[in-house]
Amino acid sequence: MLADKLLSLHIEKNPYTTLPRYTYDQLKKGQTCAVCDSFALSVRGNKCVCEDCGHEELVASAVLRSVDELMLLFPDRKITTNLVFEWCVIFGFKKRIARILEKNFKIVGYGQWAYYE
Ligand SMILES: [Zn+2]
């Protein structure tokens with residue numbers, strides 16, 4: 001019945017597959033909790049702790065989750081240390097992010113123009 005209704009309305013595309021338009025600058029920056037999506041995370045040692053639900057996650061896995069988000073949301077952008085650093089906000093240590101990226105991705109280029117894939 002739904003199919004008939006959709007056909008009668010000439011809706012060919014499922015409206016739920018259409019994402020709203022967004023730009024990098026519009027989106028709120030910051031690492032979110034893997035469980036409750038809260039932005040209230042703090043770093044304790046090598047772990048991120050959610051202030052809202054108490055969930056703990058290794059910093060490295062949280063950073064990689066952020067990289068996944070960036071790749072999904074902005075497939076055209078190159079993954080650089082600065083971009084990930086800006087996106088996570090919470091991880092004050094740029095060098096730490098660089099190390100995590102180096103360990104998990106292939107570095108292309110050199111110095112401030114280097115990116116990961
Ligand atoms: Zn949480």
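Atoms within each ligand, like the ligands themselves, are counted from 1 in listed order.
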Y110 atom OH, over 12 foreign heavy atoms within 6.0 Å: no

For the Zn ion (ligand 1), angle spanned by C50 SG and C36 SG (nearest 10°) is 110°

How open is the angle at the Zn ion (ligand 1) from atom SG of C53 over to atom SG of C33, rounded to 10 degrees?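 Between SG of C53 and SG of C33, at the Zn ion (ligand 1), the angle is about 110°.
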
Joint hydrophobic cluster, V89 plus F39, side-chain heavy atoms closer than 4.5 Å: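 No, V89 and F39 fall in different hydrophobic clusters.
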
Linked, directly or transitively: L70 and Y22 (ILVMFWY side chains, under 4.5 Å): yes

Is the Zn ion (ligand 1) less than 2.8 Å from at least one N/O/S atom of H55?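 Given the 2.8 Å cut-off, H55 does not count as a ligand of the Zn ion (ligand 1).
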
Just checking, is any N or O donor in the side chain of E51 or S38 under 3.5 Å from an acceptor N or O on the other one?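 On atom types as modelled, these side chains do not qualify, holding no pair under 3.5 Å.
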
